[in-house]
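Structure first, commentary second.
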Amino acid sequence: MRLTVVGCSGSFAGPESPASSYLVQAEHEGRTWSIVLDLGNGALGHLQRHVDPADLDAVFISHLHPDHCVDVTGLYVTRKYRPSGPVPGQLPIHAPTGAGERFALMYHGLEHGGMTAEFAVHELSDTLVTTVGPFTVTSHRVNHPVEAYGFRVEADGAVLAYTGDTDACDALTPLLTGAHLALADSAFVDDRDTATGIHLSGSRAAAAAVEAGGVKRLVLTHIPAWNDPEVCRAQAAAVWDGPLEVATSGAVWEL
């Protein structure tokens with residue numbers, strides 16, 4: 001399984017990266033299967049550096065804040081209006097309640113039927129298991145002001161855990177336990193950001209990984225452009241003594 005960071009900037013696209021989006025790929029039955037976890041502001045442009053959007057097998061949206069889903073509208077354009085003709089079939093999009101309506105509202109002037117010819121939108125729920133080719137994706141409801149999910153992606157014995165946007169919660173343990181790589185929300189800075197129920201900080205992300213147990217590599221992500229990533233790293237390192245990195249756009253890991 002291969003993970004490519006398409007975008008990792010928290011809350012809005014930054015000067016070095018689009019907002020949240022992660023491409024996960026694996027070889028299966030003689031071809032490369034590709035899924036995307038989130039598609040935030042600016043992500044569709046960078047995604048095309050790594051895969052033809054027409055070749056995606058599924059999209060998983062953690063929650064419906066724009067920095068995680070707004071580029072679904074551009075993806076719709078790539079499927080409907082190609083000069084060579086529409087991409088055949090519906091692309092499965094797995095997303096929280098009301099996602100189909102939200103996507104249509106973001107794209108003014110849609111004809112009757114919205115995006116239903118291009119997308120098949122499936123509603124997520126807690127501990128729902130979805131299979132896409134070689135991937136088994138389990139959604140875990142996490143702690144954010146709106147309906148939000150983290151995703152545990154498994155293929156060929158490898159485990160990727162992606163928290164999406166969350167504060168500390170019980171769901172992080174089954175999500176993270178034994179992950180070969182954990183992509184953890186680290187948007188907040190300790191002693192500065194005191195609001196609860198929104199985001200993890202570097203130290204709280206590290207604490208969640210320690211509590212879950214068996215996490216091999218911790219990658220801090222969703223860091224807004226106004227934060228210093230090295231502060232986030234240092235706060236995590238005070239709690240976590242395993243392999244630790246900060247996500248950057250274009251980074252690739254083989255799991």
Side-chain angles (χ1 to χ4, degrees), residues 1-9 12-14 16-124 130-135 137 139 149 151 153 155 160 162 164 249-252:
M1 183 161 57
R2 181 169 62 255
L3 165 67
T4 301
V5 177
V6 178
C8 54
S9 184
F12 56 95
E16 305 298 332
S17 173
S20 297
S21 188
Y22 306 90
L23 173 64
V24 188
Q25 297 175 296
E27 302 302 316
H28 180 64
E29 296 180 341
R31 71 173 182 90
T32 301
W33 291 71
S34 301
I35 63 173
V36 169
L37 311 179
D38 284 337
L39 203 56
N41 323 40
L44 182 63
H46 279 221
L47 179 66
Q48 293 169 77
R49 299 177 179 181
H50 308 288
V51 67
D52 184 337
D55 292 334
L56 293 179
D57 294 291
V59 175
F60 290 80
I61 299 295
S62 66
H63 65 291
L64 297 180
H65 283 155
D67 60 315
H68 292 259
C69 74
V70 74
D71 270 20
V72 166
T73 57
L75 185 61
Y76 160 78
V77 172
T78 70
R79 297 187 71 82
K80 184 176 180 65
Y81 295 113
R82 285 194 315 173
S84 58
V87 178
Q90 294 172 297
L91 176 67
I93 298 185
H94 304 271
T97 307
E101 181 181 5
R102 177 68 61 86
F103 300 152
L105 287 171
M106 288 191 298
Y107 196 105
H108 179 70
L110 286 172
E111 62 272 20
H112 180 70
M115 299 179 177
T116 56
E118 293 72 33
F119 300 143
V121 180
H122 304 281
E123 189 172 300
L124 292 170
T130 303
T131 300
V132 181
F135 302 109
V137 183
S139 54
Y149 297 91
F151 299 119
V153 183
L160 165 68
Y162 169 50
S249 181
V252 178

### Query
Are any side-chain N or O atoms of D52 and backbone N or O atoms of A54, one a donor and one an acceptor, separated by less than 3.5 Å?
yes
#### Entry: Enclosure of E16 CD (heavy-atom neighbours >12, cutoff 6.0 Å)
no
### Task
With rounding to the nearest 0.5 Å, note down the distance linking NE2 in H122 to OG in S139.
13.0 Å
### Message
Is any side-chain heavy atom of V36 closer than 4.5 Å to one of V51?
### Response
no
### Query
Does W33 use its side chain to pair, donor to acceptor, with the backbone of H28 at less than 3.5 Å?
yes
### Student check: side-chain heavy atoms of P53 and L44 closer than 4.5 Å
yes
### Sequence-distant partners of D57, side chain to side chain donor-acceptor pair (under 3.5 Å), two or more places apart
R31
## Note on the structure
To the nearest 0.5 Å, atom NE2 of H46 lies from atom SG of C8 at 10.5 Å
#### Entry: Non-hydrogen atoms of S249 and P18 that approach each other most closely
OG-CD, 3.8 Å
### Message
Looking at every heavy atom in both M1 and V153, which two are closest together, and how far apart are they?
### Response
CE-O, 3.6 Å
### Summary
Output for pair (L56 CG, Q25 CD), nearest 0.5 Å, gives 9.0 Å
Between side-chain atoms of residues 92-102 and protein atoms elsewhere (two or more places apart, or another chain), which donor-acceptor pairs fall under 3.5 Å?
{"residue": "T97", "atom": "OG1", "partner": "E147", "partner atom": "OE1", "Å": "3.0"}
{"residue": "T97", "atom": "OG1", "partner": "E147", "partner atom": "OE2", "Å": "3.4"}
{"residue": "R102", "atom": "NH1", "partner": "L64", "partner atom": "O", "Å": "3.1"}

### Task
State, yes or no, whether a side-chain contact exists between L75 and L91 at a heavy-atom distance under 4.5 Å.
yes
### Query
Do F119 and V59 have side-chain heavy atoms sitting under 4.5 Å apart?
no
#### Entry: 4.5 Å side-chain heavy-atom contact, L124 and F151
yes
### Task
Evaluate the side chain to side chain contact (heavy atoms under 4.5 Å, CB included) criterion for residues V24 and Y162: first the C-alpha distance (whole Å), next the side-chain angles of each, then the deciding distance (0.1 Å), finally the verdict.
CA-CA 11 Å; V24 188; Y162 169 50; over 6 Å; no
### Task
Could you name each residue pair satisfying ring-ring contact (aromatic ring centres under 6.0 Å, His included) that touches residues 71-92, not counting sequence neighbours?
Y76-Y107
### Query
Does the side chain to side chain contact (heavy atoms under 4.5 Å, CB included) test come out yes or no for L23 and S34, once each step is laid out?
CA-CA 7 Å; L23 173 64; S34 301; 4.0 Å; yes
### Task
Not counting sequence neighbours, list each pair that qualifies as a salt bridge (charged side-chain N to carboxylate O under 4.0 Å, His left out) and has a residue in residues 63-86.
K80-E111, K80-E118
### Message
Suppose we screen for side chain to side chain contact (heavy atoms under 4.5 Å, CB included). Which residues come up paired with A251, at least two apart in sequence or across chains?
### Response
V5, T248, W253
### Spacing of C69 atom SG and N41 atom CG [to the nearest 0.5 Å]
9.0 Å
### Task
With sequence neighbours left out, write down each residue that passes side chain to side chain donor-acceptor pair (under 3.5 Å) with S9, or none if nothing qualifies.
none
### Task
Could you walk me through whether L160 and Y22 pass side chain to side chain contact (heavy atoms under 4.5 Å, CB included), step by step?
CA-CA 11 Å; L160 165 68; Y22 306 90; over 6 Å; no
### Query
Are side-chain heavy atoms of F12 and P66 found at a separation under 4.5 Å?
no
### Summary
In terms of heavy-atom contacts, A43 and L39 come closest through CB-CD1, 4.0 Å
